[in-house]
There are 2 protein chains.
Amino acid sequence: MHQIEMVAKKTGLTKRTLRYYEEIGLITPSGRTEGRYRLYTDQDIEQILHMKNLRDLLGLSLNEIKNILLLEKKYHELRENYFQDKNSVALERQIELLNQLDHTLCTQQMMLQEKVKKMDKMIEEYDQKRKRIQAKLQELHDSKD
Amino acid sequence: MHQIEMVAKKTGLTKRTLRYYEEIGLITPSGRTEGRYRLYTDQDIEQILHMKNLRDLLGLSLNEIKNILLLEKKYHELRENYFQDKNSVALERQIELLNQLDHTLCTQQMMLQEKVKKMDKMIEEYDQKRKRIQAKLQELHDSKD
DNA sequence: TATAACGTTTACGTAAACGTTAATCTTATA
DNA sequence: TATAAGATTAACGTTTACGTAAACGTTATA
């Protein structure tokens, strides 16, 4: 269990940001101390890093991320219940959630692949540009004599 | 030469956004009609698409992008002048700008590569996750009997 | 030449994502 | 046990990146 400063260091977020994310219901630390200090588990940190990826790599808004995390949470909750309450309603619901989950994962994966494609193209362009610059520099150096 | 609506369609930005980008000195259309209608060249559109990449793929702020575009513009200006005014001051300045340019390109390229790496990892993770979901779905379907 | 469809500037509004400050409480340590 | 270091909530402030509306000019077309 880690306190907020540690988590801030490990995730690269500010303490304010962590509190803000809790405020909007994005990520809630699993526990609190007697004196109401926030306590984050390793799993909490994992989730924070995951959502940082969604933010920084996919460029999703905090609201979009919230929905994604909510869906995942829902599924896990149902899975817990499923073991206790093994009825067909829960089963059908679980199948539905799994399909939803797969769908969003698929969507995100496609977005990632699209982006990677574009970024690879961009890297290629930069290679060309840089080559031209190097050539130009060489040319200028030669003309110095 | 294209009017603003065309450019909006071709770039996927709104007209308001195009005007805003001009307002903050990010991208200025090369010309205007008699009646002060904005006129964008094909090159302007290229630049807009380039900066969209910087925004959407690298996640840079408009201010950071502005500096990058400014540097590129500076270099091109000096290159123009260089042909007319071939003195050693311009030459040294041009070498300096070229080095700066290469440096920012290199930085951006590295950022891109970092991101691609992380995204590839993320895609891999998603593959694993989706496989588990598929297995789970199969399992649930089987248990239906 | 009227009018619809496009453009212009100006200016106020807004949502998202935090920063900052103040007042107060907890907790480890000397 | 005093005190410094770090935590808490509450509330207001700020920046970025546009949206929206008003009032008005331009241009193609019937």
Side-chain angles (χ1 to χ4, degrees), chain A residues 1-42 44-45 47-70 108 111, chain B residues 1-42 44-45 47-70 108 111:
Chain A
M1 300 291 249
H2 317 271
Q3 274 176 218
I4 197 165
E5 178 124 36
M6 258 301 137
V7 179
K9 273 185 189 161
K10 290 199 182 198
T11 62
L13 300 177
T14 68
K15 292 188 275 181
R16 166 60 174 140
T17 297
L18 288 169
R19 295 197 188 100
Y20 175 64
Y21 287 173
E22 181 180 355
E23 190 184 328
I24 62 171
L26 200 57
I27 274 150
T28 309
S30 297
R32 295 270 184 146
T33 71
E34 190 77 2
R36 301 194 43 69
Y37 279 26
R38 269 163 259 257
L39 288 176
Y40 297 82
T41 64
D42 285 343
D44 289 337
I45 294 181
Q47 199 180 27
I48 292 171
L49 293 175
H50 173 223
M51 90 90 175
K52 249 192 95 182
N53 277 338
L54 294 177
R55 195 191 66 173
D56 297 340
L57 298 182
L58 276 173
L60 299 183
S61 74
L62 298 187
N63 228 315
E64 292 170 311
I65 294 175
K66 191 176 166 183
N67 289 327
I68 292 171
L69 296 186
L70 219 69
Q108 289 171 45
M111 285 175 63
Chain B
M1 300 292 246
H2 317 270
Q3 275 177 217
I4 197 166
E5 178 123 37
M6 258 301 135
V7 179
K9 274 185 188 161
K10 290 197 180 197
T11 62
L13 300 177
T14 68
K15 293 187 275 181
R16 166 60 173 141
T17 298
L18 288 169
R19 294 196 189 101
Y20 175 64
Y21 286 173
E22 181 179 355
E23 190 184 327
I24 62 171
L26 199 57
I27 273 150
T28 309
S30 296
R32 294 269 184 146
T33 69
E34 190 77 1
R36 301 195 41 71
Y37 279 27
R38 269 162 259 257
L39 288 176
Y40 296 83
T41 64
D42 286 342
D44 289 337
I45 294 180
Q47 200 181 26
I48 292 170
L49 292 174
H50 174 222
M51 90 89 173
K52 249 193 93 181
N53 278 338
L54 295 176
R55 194 191 66 172
D56 299 338
L57 299 182
L58 275 174
L60 300 183
S61 74
L62 298 186
N63 227 315
E64 291 170 311
I65 294 175
K66 191 175 165 182
N67 289 327
I68 292 171
L69 296 186
L70 219 70
Q108 290 171 43
M111 286 174 63

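Here is the naming used below: chain letters follow the sequence lines, and residue numbers restart at 1 for every chain.
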Let me know the distance between [atom1] of [X] and [atom2] of [N], rounded to the nearest Å.
{"X": "B:D56", "N": "D:dT16", "atom1": "CG", "atom2": "C1'", "result": "15 Å"}
{"X": "B:I4", "N": "D:dT26", "atom1": "CD1", "atom2": "C1'", "result": "15 Å"}
{"X": "B:E64", "N": "D:dT15", "atom1": "CD", "atom2": "P", "result": "17 Å"}
{"X": "A:M6", "N": "D:dA5", "atom1": "CE", "atom2": "P", "result": "17 Å"}
{"X": "B:L39", "N": "C:dG7", "atom1": "CG", "atom2": "P", "result": "11 Å"}
{"X": "B:Y37", "N": "C:dT8", "atom1": "OH", "atom2": "P", "result": "7 Å"}
{"X": "B:K9", "N": "C:dC6", "atom1": "NZ", "atom2": "C1'", "result": "12 Å"}
{"X": "A:E5", "N": "C:dT27", "atom1": "CD", "atom2": "P", "result": "16 Å"}

So, does B:K52 use its side chain to make a donor-acceptor pair with the main chain of B:T11 at under 3.5 Å?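 Yes, because the side chain of B:K52 sits within donor-acceptor range (under 3.5 Å) of the backbone of B:T11.
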Hey, is the main chain of B:H2 close enough, under 3.5 Å, to the side chain of B:K10 for a donor-acceptor pair?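 A pair under 3.5 Å: no.
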Just how far is it from atom OH of A:Y21 to atom CD1 of A:I65, taken to the nearest 0.5 Å?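 Atom-to-atom, A:Y21:OH and A:I65:CD1 are 7.0 Å apart.
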Please report the interatomic distance CE(A:M6) to CE(A:M1), rounded to the nearest 0.5 Å.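 Output value for this atom pair is 15.5 Å.
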Please pick, from C:dA17, C:dC18, C:dC6, the nucleotide with the shortest atom-to-atom distance to any side-chain atom of A:R55.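 The answer is C:dC18.
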Between D:dT16, D:dT9, D:dA7, which one does the side chain of A:R36 approach most closely?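 Closest of the options to the side chain of A:R36: D:dT9.
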Which residues, if any, of residues 10-35 of chain A bring a heavy atom under 4.0 Å of DNA chain D?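 Those residues are A:K15, A:R19, A:R32.
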Flag the pair B:L54 / B:E64 as yes when at least one side-chain heavy-atom distance between them is below 4.5 Å, and no otherwise.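 Answer no - side chains too far apart.
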Give me the one residue out of B:L18, B:L26, B:T17 that meets side chain to side chain contact (heavy atoms under 4.5 Å, CB included) with B:I48.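 Checked B:L18, B:L26, B:T17 against B:I48; only one passes side chain to side chain contact (heavy atoms under 4.5 Å, CB included): B:L18.
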